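Below, read A as the first sequence line, B as the second, and so on, with proteins coming before strands; counting in each chain starts at 1. None of these values were measured; they are calculated from a predicted model.
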Protein chains: 2
Amino acid sequence: MTTKTKSTGAGALPLNSILSGDCIEAMNSLPAASVDLIFADPPYNLQLKGDLHRPNNSLVDAVDDHWDQFDSFKAYDTFTRAWLKAAQRLLKPHGAIWVIGSYHNIFRVGSALQDQGYWILNDVVWRKSNPMPNFRGKRFTNAHETMIWASKSEGAKYTFNYEALKALNEGIQMRSDWVLPICNGGERLKDEKGDKAHPTQKPEALLHRVLVAATNPGDVVLDPFFGTGTTGAVAKKLGRDFIGIEREAAYREIAEKRISKVRRFDRASLEVTQGKRAEPRVPFGQVVERGLLSPGEELTSLNGRHRARIRADGTLVALDTKGSIHQVGARLEGAPSCNGWTYWHFRRDGQTVPIDLLRQQIRAEMQS
Amino acid sequence: MTTKTKSTGAGALPLNSILSGDCIEAMNSLPAASVDLIFADPPYNLQLKGDLHRPNNSLVDAVDDHWDQFDSFKAYDTFTRAWLKAAQRLLKPHGAIWVIGSYHNIFRVGSALQDQGYWILNDVVWRKSNPMPNFRGKRFTNAHETMIWASKSEGAKYTFNYEALKALNEGIQMRSDWVLPICNGGERLKDEKGDKAHPTQKPEALLHRVLVAATNPGDVVLDPFFGTGTTGAVAKKLGRDFIGIEREAAYREIAEKRISKVRRFDRASLEVTQGKRAEPRVPFGQVVERGLLSPGEELTSLNGRHRARIRADGTLVALDTKGSIHQVGARLEGAPSCNGWTYWHFRRDGQTVPIDLLRQQIRAEMQS
DNA sequence: CAGCGTTTTGAATCCCAGG
DNA sequence: GCCTGGGATTCAAAACGCT
């Protein structure tokens with residue numbers, strides 16, 4: 001693994017390495033506003049009572065590790081708010097955070113995020129295709145976990161590769177529920193005895209989707225509960241820089257070895273489908289300027305109920321209102337907003353077609 | 001709609017009717033420990049248009065106010081904790097609550113539930129098969145809502161018709177993620193102008209699954225945010241009694257009319273698959289008493305590796321252990337537990353059959 | 001090796017009636 | 001309340017093992 005540093009105003013950033021020790025202290029040792037994305041898989045605070053056996057009498061290997069033990073919700077909240085505060089300081093103004101959890105802890109995390117001024121963008125449900133069943137038949141199969149995606153503050157800009165996710169989802173807008181298998185098979189790391197190296201290793205596919213959605217190549221991704229380093233492995237594959245923090249030396253060692261074997265995807269496959277947002281912006285005035293439509297021509301609304309006349313400056317005039325194609329459409333419809341490109345239509349060859357056709361024509365011309 | 005009352009120690013219960021006014025006051029007017037299930041679809045818009053009071057009880061004038069974020073969460077929490085407390089008082093000791101919400105409010109609700117001593121049993125994700133797309137392409141399609149299912153307190157018994165839900169799911173235990181379409185089409189209530197009568201009408205299919213899972217016929221279901229009465233309509237169909245609380249007269253009126261048209265399913269179709277736990281217990285001693293097996297006869301284990309001899313009191317003796325059919329089986333297998341009924345076999349007509357066959361025979365006789 | 005049946009395992013707040 | 005003990009309870013995928 002090549003460790004590089006990025007110098008910032010406040011100090012150097014230990015890129016592509018794993019810090020040891022308490023995650024709050026480690027985060028506080030790093031310069032403020034230096035990280036693009038934080039992915040956090042904190043302890044869930046499972047409050048398991050006795051043993052649980054499967055119907056065949058085998059014992060379920062539960063998460064009873066010391067790091068998941070808290071005395072009370074209050075203790076868990078204190079811990080949560082402390083690390084979330086340190087995380088918030090680290091984020092660049094346009095940075096974002098993802099936190100994963102279950103019903104045991106996610107409500108505490110979500111409330112803390114909101115209280116501390118983070119702005120929730122989505123909650124995303126990981127629907128497990130192969131969850132552990134409920135063995136006693138007393139509840140529903142616990143078949144999902146919840147991730148919260150939040151920007152650093154209300155109104156902050158954030159990275160979202162909409163079109164890339166849409167492409168990942170076969171051309172349909174990506175939903176807030178993702179179906180992915182749990183991590184097992186060859187991907188699941190084992191110790192010398194052949195037992196799982198970490199009780200809660202996350203699948204790389206999950207991190208892949210998160211990082212493709214919410215970062216760009218070259219971004220810095222921090223994981224304060226690094227574990228066996230899934231975040232780092234996927235970040236490296238995707239050409240993102242990572243910083244891991246992990247308390248347990250055993251996990252750090254496994255993660256180091258794991259990530260050193262990872263090879264970065266080639267640059268071409270990292271290029272992500274470009275969204276319409278990245279396409280050149282075309283003012284309606286250009287349509288008029290180019291003579292694709294002429295001042296004085298009449299447009300009709302999608303529903304045929306409204307008409308407006310084009311003016312030379314690319315604005316529209318309707319019965320008692322005037323303004324941009326979007327503004328006039330919105331006012332006529334009594335709607336808060338309106339996409340004028342698809343709302344307004346004109347006649348061509350006896351057909352009624354949206355003016356967006358003309359924008360596409362312009363963009364095609366701009367490409368060549 | 002036939003309104004009946006159930007008298008309790010503390011007063012009468014206005015069954016199958018809709019109470020007006022503030023839900024907290026209305027709940028406090030009802031007798032404690034009188035309700036089996038509460039289904040709540042609270043407002044989640046943080047600009048609550050007068051529903052909210054600040055901690056000092058001053059009314060929040062929302063719409064045009066610039067809302068300080070902290071103030072708004074605090075006010076929402078105050079409101080949430082107040083109605084949850086009133087709800088908890090109403091629940092019978094073995095009662096339970098379901099609350100539905102989105103990421104705007106569900107973390108507040110979940111934390112409040114935990115803080116007030118409710119015990120979360122599952123979070124259930126309603127995955128919408130036909131969600132509203134995200135028009136701006138800035139986030140993931142908000143394709144789900146979250147329900148929290150909680151018992152009144154830790155360790156409390158609760159109703160869960162496991163087998164019925166498993167049957168609903170084609171023989172596989174029901175998961176925590178439910179795929180259901182949003183409410184539209186003929187089910188969606190419209191006003192005179194043809195607009196939707198209520199902004200967040202829930203699909204009856206959702207309530208159907210909740211009530212089948214968590215109540216039995218004759219149970220009392222309370223909905224403190226009744227709206228257009230989906231909970232009441234489904235409760236009536238399913239032969240449960242309901243109590244609705246709704247402050248808006250217009251919604252009450254629509255709900256009354258809606259529910260009056262609903263017909264209860266016939267009693268037979270309300271019956272639901274029962275688990276084996278519901279069957280009467282039969283001590284193995286009865287098998288011996290009735291002469292279906294005799295003292296001295298030998299039983300063999302399921303895997304054929306172990307043998308035991310029956311004693312007159314219905315206990316077994318094996319090589320170096322004695323006790324109940326379950327205890328001896330468990331010890332011989334070195335297992336934490338063992339179902340002796342399916343473990344031990346005897347010979348009949350040249351076949352090796354489990355002694356459970358004899359229990360079934362006794363149960364059949366008990367029926368007639 | 002292919003094919004097929006058996007065993008293993010995964011973030012789990014997992015029983016309850018009767019004495 | 002507490003303690004005892006009967007006896008009910010699992011899905012999907014990978015790994016393993018046998019023919």
Checklist line | Contacts of type side chain to side chain donor-acceptor pair (under 3.5 Å), residue A:Arg136, not counting sequence neighbours | finding: none

Check: What pairs with B:Glu154 under side chain to side chain donor-acceptor pair (under 3.5 Å), at least two apart in sequence or on another chain?
Finding: A:Lys49

Checklist line | For DNA chain C, the dot-bracket pattern of Watson-Crick and G-U pairs whose distances stay under 3.5 Å, | for other-strand partners | finding: .|||||||||....|||||

Can you figure out which of [options] approaches the side chain of [X] most closely?
{"X": "B:Glu163", "options": "D:dT9, C:dG10, C:dT13", "value": "D:dT9"}
{"X": "A:Phe135", "options": "C:dA17, C:dA11, C:dG10", "value": "C:dG10"}
{"X": "A:Arg136", "options": "C:dC14, C:dA11, C:dT13", "value": "C:dC14"}
{"X": "A:Arg54", "options": "C:dT9, C:dA12, C:dA11", "value": "C:dT9"}

Checklist line | NZ/NE/NH1/NH2 to OD/OE distance under 4.0 Å, B:Asp356 and B:Arg363 | finding: no

Please tell me if [X] has a side-chain N or O lying less than 4.0 Å from either OP1 or OP2 of [N].
{"X": "A:Lys138", "N": "C:dC16", "value": "yes"}
{"X": "A:Asn142", "N": "C:dT13", "value": "yes"}
{"X": "A:Lys202", "N": "C:dA11", "value": "no"}
{"X": "A:His104", "N": "C:dT13", "value": "yes"}
{"X": "B:His326", "N": "D:dG7", "value": "yes"}
{"X": "A:Lys196", "N": "C:dG10", "value": "yes"}
{"X": "A:Asn130", "N": "D:dC11", "value": "no"}

Notebook entry, point to check: Want to settle it: does A:Pro181 or A:Pro55 sit nearer the 5' end of DNA chain D, counting the closest nucleotide to each?
Noted result: A:Pro55

Check: In terms of the nearest nucleotide of DNA chain C, which residue is placed more toward the 5' end: B:Arg281 or A:Val60?
Finding: A:Val60

Margin query: Reading DNA chain C from 5' onward, which residue's closest nucleotide shows up sooner: A:Pro131 or B:Lys157?
Written below: A:Pro131

Nearest-Å distance once atom [atom1] is located in both [N] and [M]:
{"N": "C:dG19", "M": "D:dG7", "atom1": "P", "result": "14 Å"}
{"N": "D:dC18", "M": "C:dC1", "atom1": "C1'", "result": "13 Å"}
{"N": "C:dT13", "M": "D:dA13", "atom1": "C1'", "result": "26 Å"}
{"N": "C:dC14", "M": "C:dG10", "atom1": "C1'", "result": "15 Å"}

Is [X] touching bases, backbone alone, or none of the nucleic acid, heavy atoms closer than 4.0 Å?
{"X": "B:Gln327", "value": "sugar-phosphate"}
{"X": "B:Ile172", "value": "sugar-phosphate"}
{"X": "A:Asp195", "value": "nothing"}
{"X": "B:Tyr162", "value": "sugar-phosphate"}
{"X": "A:Asp68", "value": "base"}
{"X": "B:Ser337", "value": "base"}
{"X": "A:Ser102", "value": "nothing"}
{"X": "B:Pro280", "value": "nothing"}
{"X": "B:Arg359", "value": "sugar-phosphate"}
{"X": "A:Gly50", "value": "base"}
{"X": "A:Arg139", "value": "base"}
{"X": "B:Thr342", "value": "nothing"}
{"X": "A:Cys183", "value": "nothing"}
{"X": "B:Ile120", "value": "base"}

Note to self: Would you say the base of C:dT13 stacks on B:Trp119 (centre-to-centre below 5.5 Å, plane angle below 30°)?
What the structure shows: yes

Note to self: Please give me every residue in residues 315-323 of chain B whose heavy atoms get under 4.0 Å of an atom in DNA chain D, ordered by residue number.
What the structure shows: none

Checklist line | Strand-adjacent residues in residues 184-192 of chain A, judged by heavy atoms under 4.0 Å from DNA chain D | finding: A:Asn184, A:Gly185, A:Gly186

Notebook entry, point to check: Hey, is C:dT8 sitting syn or anti, using the within-90° cutoff around 0?
Noted result: anti

Separation of [X] atom [atom1] from [N] atom [atom2], in whole Å?
{"X": "A:Ile182", "N": "C:dA12", "atom1": "CD1", "atom2": "P", "result": "8 Å"}
{"X": "A:Gln201", "N": "C:dT9", "atom1": "CD", "atom2": "P", "result": "16 Å"}
{"X": "A:Asn56", "N": "D:dC11", "atom1": "CG", "atom2": "C1'", "result": "12 Å"}
{"X": "B:Arg331", "N": "D:dG5", "atom1": "CZ", "atom2": "P", "result": "9 Å"}

Margin query: Once ring-ring contact (aromatic ring centres under 6.0 Å, His included) is applied, do any residues pair with B:Trp178, and if so which ones, sequence neighbours excluded?
Written below: A:Phe140, B:Trp98

Check: So, does A:Arg127 use its side chain to make a donor-acceptor pair with the main chain of B:Asp177 at under 3.5 Å?
Finding: no

Next item on the list: Drop me the distance from A:Asn105's CG to A:Leu46's CG, to the nearest 0.5 angstrom.
Entry: 8.0 Å

Checklist line | Candidate list A:Ile97, A:Leu222, A:Leu211, test side chain to side chain contact (heavy atoms under 4.5 Å, CB included), partner A:Leu37, passing option | finding: A:Leu211

